[in-house]
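Note that the structure is a prediction, hence the values are computed from the model and not measured. Nothing fancy with the numbering, it's 1 onward along the sequence.
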Amino acid sequence: VRRGLVKAGTRIYEVPESSSDFRPLDRDEARRVTGLAGDPCVLWVGHLDRNKDPLTVLDGIARATPRLPGLQLWMCFGQAPLMEEVRQRLRDPRLAGRVHLLGTVAHARIEALMGAADLLVQGSHREGGDLVDFLEHVGQRLAHRHKIRQRQHAEQHHRETGGRAE
C-alpha cells in the first residue's frame, strides 16, 4: 500500500510458503555480522538430500569458478543424508577453499545470511506447499500447451508448403 502496488483497502492474504518477514539489510553490515564473503557471495539453504540436489549445485559452482575466481558458496542445511557424497564432491580442486558447510543455522540468522549474499542458489527438483504445487501445475500445463501449439504450427506449415523449407 505504501509503495502504491495495491490500493488501500485491498484484501491481502498471506500464503505461508511464499511469505517472509525478512527485511532488506545493508549488505556490508550483514557481511560483517555473518562473516560471509565472496565475489560473488552465494548462499544455499536446504537439506542435503536428493530433492534439494546439492550435488548439482556444487557441479555448477565448480563450472563457474574459471569465470568467477572470487566465488564463495555458503551452505546452510538441516538433514544431511548426502553428506558423504557432498564431502566427496568437495575434493574437486575447483571447489577447494570456496565451499563452506555451515550446517544447521537458526531461522533468525538466515535473514542476515541472505542479506550478506549476492545470490541465493537452489537446486530443488520440487518444492512443497499448495501454492507451489499449483504454480508447478500451471507451468507444466502452459509448457504442454506451448508444445501443442508448436506442433500445430509445424503441421500447418507442412500442409501449406508441402514440407518444403522456406
Side-chain angles (χ1 to χ4, degrees), residues 1-6 12-143 146-147:
V1 174
R2 282 191 322 263
R3 295 177 57 201
L5 299 174
V6 294
I12 299 172
Y13 301 91
E14 279 195 66
V15 179
E17 59 267 8
S18 65
S19 300
S20 172
D21 60 353
F22 290 174
R23 302 285 179 246
L25 303 172
D26 176 74
R27 188 187 76 163
D28 293 335
E29 176 63 14
R31 285 193 178 187
R32 188 187 65 72
V33 169
T34 62
L36 267 61
D39 182 25
C41 174
V42 181
L43 180 66
W44 183 88
V45 180
H47 297 300
L48 298 181
D49 64 23
R50 299 251 179 251
N51 179 54
K52 297 298 182 184
D53 204 352
L55 302 176
T56 297
V57 170
L58 290 171
D59 289 344
I61 295 294
R63 291 180 63 190
T65 60
R67 290 188 162 179
L68 299 168
L71 185 152
Q72 296 287 309
L73 173 64
W74 303 82
M75 300 181 78
C76 304
F77 53 89
Q79 299 170 13
L82 294 180
M83 180 58 88
E84 185 53 37
E85 290 92 331
V86 167
R87 288 192 193 282
Q88 287 175 6
R89 195 66 49 96
L90 293 180
R91 292 183 185 134
D92 183 326
R94 298 172 297 173
L95 298 175
R98 74 174 68 246
V99 178
H100 311 275
L101 301 177
L102 300 176
T104 301
V105 174
H107 182 73
R109 185 159 166 78
I110 297 291
E111 180 175 17
L113 293 170
M114 287 186 170
D118 296 308
L119 301 167
L120 175 67
V121 64
Q122 298 292 307
S124 302
H125 293 273
R126 188 166 191 285
E127 289 294 340
D130 293 338
L131 174 66
V132 175
D133 289 344
F134 171 73
L135 293 174
E136 282 181 354
H137 176 73
V138 168
Q140 290 168 358
R141 297 298 300 157
L142 290 173
H146 181 69
K147 288 178 187 173

Quiz item: Taking the side chain from Trp74 and the backbone from Ala37, do they hold a donor-acceptor pair closer than 3.5 Å?
Solution: yes

Quiz item: Is a donor on one side and an acceptor on the other found under 3.5 Å between the side chain of Asp118 and the backbone of Cys41?
Solution: yes

Practice problem: Indicate the atoms forming the closest heavy-atom contact of Ala116 with Arg27, along with that distance. | Solution: O-CG, 3.7 Å

Exercise. Using the side chain to side chain contact (heavy atoms under 4.5 Å, CB included) rule, take Met114 and Leu120 through it: C-alpha gap first, then chi angles, then the decisive distance, then the call.
Key: CA-CA 7 Å; Met114 287 186 170; Leu120 175 67; 4.0 Å; yes

Self-check item: Audit row: Ile61, Leu68, side chain to side chain contact (heavy atoms under 4.5 Å, CB included) steps and yes/no
Solution: CA-CA 9 Å; Ile61 295 294; Leu68 299 168; over 6 Å; no

Self-check item: Check ion pair Glu84-Arg87 (N to O, under 4.0 angstrom)
Solution: no

Quiz item: How far apart are the C-alpha atoms of Gln72 and His100, what are their side-chain angles, what is the distance that settles it, and do they pass the side chain to side chain contact (heavy atoms under 4.5 Å, CB included) test?
Solution: CA-CA 8 Å; Gln72 296 287 309; His100 311 275; 2.5 Å; yes

Self-check item: Distance in Å, Leu71 CG paired with Asp39 CG, rounded so as to fall on 0.5 Å steps
Solution: 9.0 Å

Quiz item: If you round to the nearest 0.5 Å, how far is CG of Leu43 from CD of Gln122?
Solution: 8.0 Å

Quiz item: Applying the side chain to side chain contact (heavy atoms under 4.5 Å, CB included) test to Phe77, which of Val45, Thr104, Leu101, Val105 qualifies?
Solution: Leu101

Quiz item: CG of Asp92 to CZ of Arg63: how many Å apart, nearest 0.5 Å?
Solution: 12.0 Å

Quiz item: Salt bridge between Asp26 and Arg32, side-chain N to carboxylate O under 4.0 Å?
Solution: no

Practice problem: For Ala30 and Gly115, work out which heavy atoms get closest and say how close. | Solution: CB-C, 3.6 Å

Self-check item: Euclidean distance, Leu73 CG relative to Leu95 CG, rounded to 0.5 Å
Solution: 8.5 Å

Quiz item: Does the salt bridge (charged side-chain N to carboxylate O under 4.0 Å, His left out) test come out yes or no for Glu85 and Arg50, once each step is laid out?
Solution: CA-CA 11 Å; Glu85 290 92 331; Arg50 299 251 179 251; 3.7 Å; yes

Quiz item: Please walk me through it: do Leu58 and Val86 pass side chain to side chain contact (heavy atoms under 4.5 Å, CB included)?
Solution: CA-CA 8 Å; Leu58 290 171; Val86 167; 3.9 Å; yes

Quiz item: With no hydrogens and no angle check, is any side-chain donor or acceptor of His47 less than 3.5 Å from a backbone partner on Ala80?
Solution: no

Quiz item: How long is the span from the CG atom in Leu48 to the CG atom in Leu55, to the nearest 0.5 Å?
Solution: 8.5 Å

Practice problem: Mark yes or no for whether Arg98, through its side chain, and Gly38, through its backbone, hold a donor-acceptor pair below 3.5 Å. | Solution: no

Self-check item: Pairwise distance CH2(Trp44) to CG(Asp53) - rounded to 0.5 angstrom
Solution: 9.0 Å

